[in-house]
Amino acid sequence: MAEQPTAAPQGGEYVVLERTKTTFSDLWKKEDWMAIWMGFIILIVGLLVFLPRTPDKMQENLNKHNSIMKEEAAKAPFHTIAWHQASAAKKRIRARDQSFAKTIQNFLNAPSGWKSNPLDALYRSKAQAEAMNAPGKDAYEKAKAADEAALAKARAAEQAAAAAGFKNADLNKKAEAEISAWLAAHDKASKARAKISNKPFNRIPYLIGLAVVLGLFFGIGKTIMGESFGRFFVGFFFVFLIAVLAYMAEMQATMKHWGFGFPLWAIIFGMLISNTVGTPNWVRPAVQTEYYIKTGLVLLGAEILVNKIIAIGTPGIFVSWVVTPTLLISTYWIGQNIIKMPSKTLNITISADMSVCGVSAAIATAAACRARKEELTLAIGLSMVFTAVCMVAQPAFARLVGMPEILAGAWMGGTIDSTGAVAAAGAFYGEKALYVAATIKMIQNVLIGLTAFGVAYYWCAKIECAPGQQVSWWEIWHRFPKFVLGFMVASIIFSMIDAGLGKDVSSVMMDQGVLRGFTRLFREWFFALAFTSIGLETNFREFGPYFKGGKPVTLYVVGQTMDLSLTLFVAWVMFYVIFPGITASI
């Protein structure tokens with residue numbers, strides 16, 4: 001272990017002596033490093049499983065669809081029906097749709113959706129599946145007919161525009177409008193079809209198998225770090241069970257509609273246990289919040305790809321990398337100088353949570369400033385509540401005022417504190433809104449590492465450094481959460497692989513294979529385990545001092561109001577005033 005720094009007098013001043021001893025064994029004895037190795041094991045396995053197994057005739061089909069899209073783009077001043085059909089067919093080429101990938105997904109999938117009977121999330125017979133499909137068949141037939149009728153009108157309008165050589169602006173505009181109407185009708189028919197596509201399943205054996213695999217995976221890591229495998233493994237099944245219940249609560253139809261996701265339910269269920277009967281002693285060795293979340297954050301790094309950051313252009317980068325640090329610094333200053341929050345660590349953790357990217361940033365920041373676990377839990381709880389509200393309210397407000405899709409997407413991506421909630425809100429508003437929102441949130445996630453470093457430096461140099469002391473770089477390194485290095489390295493490596501494969505192949509094999517079909521599923525389970533652990537180790541009575549005067553809630557309301565206003569203004573300026581050309585190309 002590293003020695004603690006000491007202060008020694010020199011000429012009437014004090015300097016912090018550098019830590020003089022670290023051991024090589026820290027690379028496998030320390031939790032941060034173990035999280036990196038475990039995260040990379042999963043990433044490497046995902047690459048080895050997916051990359052050698054390409055979908056049948058992948059390159060041939062990609063070339064065919066690209067050729068059609070290129071020809072159609074040169075033919076008309078708008079995207080034709082054939083262009084959209086080729087684009088849709090191209091998107092359906094996915095590595096995770098192969099038989100081996102579906103087997104993996106069956107093993108890793110969370111409980112399914114349900115309405116009134118919770119067991120429907122775990123088991124569905126053939127008769128139950130047919131009963132669920134029956135009510136939606138009429139709606140699907142109507143949506144299908146509307147889709148076909150809209151397609152016919154779109155074809156007629158496109159043919160009329162083509163007959164005029166695409167020179168008539170009115171005919172072109174009409175054709176474009178009819179094609180947009182057909183796309184909306186087609187999307188509605190696809191959603192109606194999904195409602196009658198329920199199939200029988202039994203997730204119980206898969207979940208039992210997953211519990212064993214994850215228990216062994218994390219248990220071996222604990223053993224390498226010098227802790228008891230048996231005690232961890234036994235308690236892990238209880239933690240996993242609560243995580244499964246949290247997923248089930250999220251998938252209930254009403255809860256899913258309002259955006260109350262598994263992170264919130266995992267914390268609630270864990271707190272109910274810890275504050276009533278108490279967390280059993282035999283479970284406590286498996287209550288490992290940081291162990292799970294740090295491993296999950298390493299996996300998150302692989303999803304931050306440079307090409308997607310570049311694709312959105314300067315306006316998206318500006319919205320994410322200028323507004324975010326401005327808000328972080330402003331809300332910390334407001335918390336300390338106006339609201340007068342007594343805890344600086346709670347202040348900065350809440351500020352990072354609301355300004356950067358929610359839970360992930362809160363975890364990294366709390367580690368950098370060594371916030372108490374109660375403070376981290378409080379910040380995450382506030383984030384979950386405001387995220388659920390914003391996920392529903394922001395798209396509704398944007399639609400009410402007629403906000404353009406790209407502006408709405410930029411606004412939601414920069415302000416909603418959860419990647420999943422951002423995607424849901426963007427999808428509710430439109431395809432372009434979803435793309436812009438998800439990309440801006442991804443760009444914002446890059447700041448996790450920079451935020452952690454900045455907070456570590458500031459805390460060492462300004463907050464915990466006595467007058468006359470100097471902070472050493474070794475102390476900053478010791479304070480810096482090492483798992484963030486794994487996050488950053490994963491991003492760099494996967495960005496290089498993505499660039500090497502090329503846009504189309506990478507979309508099929510990486511985005512729609514390694515990431516969505518493998519690593520992301522693991523990451524979400526790790527997050528569920530982490531949030532469950534937060535609940536199981538938190539006592540309501542410990543929150544009393546932090547809620548005094550309602551200051552944390554006040555800070556969050558003030559900060560979120562600033563975030564909503566500033567992000568909307570900057571997004572409008574960047575996308576519609578300074579860079580309208582980039583906006584037009586999206």
Side-chain angles (χ1 to χ4, degrees), residues 108-123 203-204 206-207 210-211 214 235-280 283 286-290 292-293 296-297 300 353 357-360 362-363 373-374 376-393 416-425 520-540 543 556:
L108 296 175
N109 276 339
S112 188
W114 59 282
K115 290 185 178 180
S116 57
N117 184 0
L119 294 180
D120 290 343
L122 303 175
Y123 175 81
R203 298 212 190 283
I204 296 175
Y206 291 109
L207 289 171
L210 181 60
L214 294 184
F236 179 81
F237 288 92
F238 185 87
V239 178
F240 184 85
L241 175 61
I242 304 304
V244 169
L245 294 177
Y247 264 124
M248 291 173 65
E250 176 191 53
M251 296 306 293
Q252 198 278 330
T254 303
M255 297 300 104
K256 187 175 181 180
H257 173 76
W258 291 105
F260 294 110
F262 71 83
L264 180 62
W265 290 112
I267 292 174
I268 290 174
F269 291 158
M271 281 186 170
L272 286 176
I273 294 170
S274 64
N275 289 275
T276 53
V277 297
T279 302
V283 173
V287 178
Q288 300 289 333
T289 299
E290 294 193 4
Y292 304 131
I293 200 77
L297 287 173
L300 176 63
D353 186 299
C357 58
V359 173
S360 301
I363 293 285
K373 64 180 177 64
E374 296 84 12
L376 175 59
T377 303
L378 177 56
I380 291 174
L382 288 171
S383 175
M384 293 295 101
V385 172
F386 276 86
T387 294
V389 173
C390 290
M391 189 188 81
V392 176
I416 298 177
D417 291 331
S418 164
T419 303
V422 163
R520 182 176 295 184
L521 300 176
F522 274 110
R523 174 174 64 80
E524 290 182 348
W525 274 112
F526 296 170
F527 279 21
L529 294 169
F531 293 128
T532 299
S533 298
I534 287 173
L536 288 172
E537 63 183 0
T538 300
N539 192 304
F540 284 130
F543 283 112
Y556 215 104

K.L.:
With a 4.5 Å limit on heavy-atom distance, are the side chains of L536 and F238 in contact?
P.N.:
yes
K.L.:
Can you list the residues that meet the ring pair (Phe, Tyr, Trp, His ring centres under 6.0 Å) rule with F527, with sequence neighbours excluded?
P.N.:
none
K.L.:
What distance separates I363 CD1 from L376 CG, expressed to the nearest 0.5 Å?
P.N.:
4.5 Å
K.L.:
Check whether any side-chain heavy atom of M271 sits under 4.5 Å from a side-chain heavy atom of T377, and report yes or no.
P.N.:
yes
K.L.:
Give me the atom names and distance for the closest heavy-atom approach of G235 to A286.
P.N.:
C-CB, 3.3 Å
K.L.:
Please round to the nearest 0.5 Å and tell me the distance separating atom CG of L122 and atom OH of Y247.
P.N.:
13.5 Å
K.L.:
Compare all side-chain heavy atoms of L297 with those of F526 and state whether any distance is below 4.5 angstrom.
P.N.:
no
K.L.:
Donor-acceptor pair, distance only, cut-off 3.5 Å: does the side chain of K373 make one with the backbone of I534?
P.N.:
no
K.L.:
Taking all non-hydrogen atoms of both residues, which atom of A266 and which atom of A528 are closest, and how far apart?
P.N.:
CB-O, 4.0 Å
K.L.:
Supply the atom-to-atom distance I268 CD1 to F531 CZ, rounded to the nearest 0.5 angstrom.
P.N.:
12.5 Å
K.L.:
Checking the side chain of T276 only, and the main-chain atoms of L272 only, is there a donor and an acceptor separated by less than 3.5 Å?
P.N.:
yes
K.L.:
Just do the side chain to side chain contact (heavy atoms under 4.5 Å, CB included) check on M251 and S112 with the steps written out, would you?
P.N.:
CA-CA 6 Å; M251 296 306 293; S112 188; 5.6 Å; no
K.L.:
Give the minimum heavy-atom separation between Y556 and A379, together with the two atoms involved.
P.N.:
CE1-O, 4.4 Å
K.L.:
Do M255 and W265 come within less than 4.5 Å of each other through their side chains, counting heavy atoms only?
P.N.:
yes
K.L.:
For a quick test of reading the model, state the closest non-hydrogen atom pair linking S274 to G535 and the distance between them.
P.N.:
OG-O, 3.0 Å
K.L.:
Quick one: ring pair (Phe, Tyr, Trp, His ring centres under 6.0 Å) partners of F240, sequence neighbours excluded?
P.N.:
W525
K.L.:
I'd like to know whether L108 forms a side chain to side chain contact (heavy atoms under 4.5 Å, CB included) with Y206, so could you lay out the CA-CA distance, the side-chain angles of the two residues, the decisive distance to 0.1 Å, and finally the verdict.
P.N.:
CA-CA 8 Å; L108 296 175; Y206 291 109; over 6 Å; no
K.L.:
If I compare all heavy atoms of D353 with all of A362, which pair ends up nearest, and what's the gap?
P.N.:
OD2-CB, 3.6 Å
K.L.:
Side chains of P111 and V244: closer than 4.5 Å at any heavy-atom pair?
P.N.:
yes
K.L.:
To the nearest 0.5 Å, how far apart are CD1 in I242 and CD1 in I273?
P.N.:
3.5 Å
K.L.:
In terms of side-chain heavy atoms, does T279 have a donor or acceptor partner in E537 at a distance below 3.5 Å?
P.N.:
no
K.L.:
About how many Å separate CD of E524 and CZ of R520, when rounded to the nearest 0.5 Å?
P.N.:
7.0 Å
K.L.:
Run V239 and S533 through side chain to side chain contact (heavy atoms under 4.5 Å, CB included) and show every step you take.
P.N.:
CA-CA 7 Å; V239 178; S533 298; 4.1 Å; yes
K.L.:
Rounded at 0.5 Å granularity, tell me how far CD1 in I380 sits from OG1 in T289.
P.N.:
8.0 Å
K.L.:
Indicate the atoms forming the closest heavy-atom contact of M248 with A121, along with that distance.
P.N.:
CG-CB, 4.1 Å
K.L.:
Just to verify, what does R523 make a side chain to side chain donor-acceptor pair (under 3.5 Å) with, not counting sequence neighbours?
P.N.:
E303
K.L.:
What I'd like to find out is whether the side chain of F269 reaches to under 4.5 Å of the side chain of T532, using heavy atoms alone.
P.N.:
no
K.L.:
Between W114 (side chain) and A253 (backbone), is there a donor-acceptor pair under 3.5 Å?
P.N.:
no
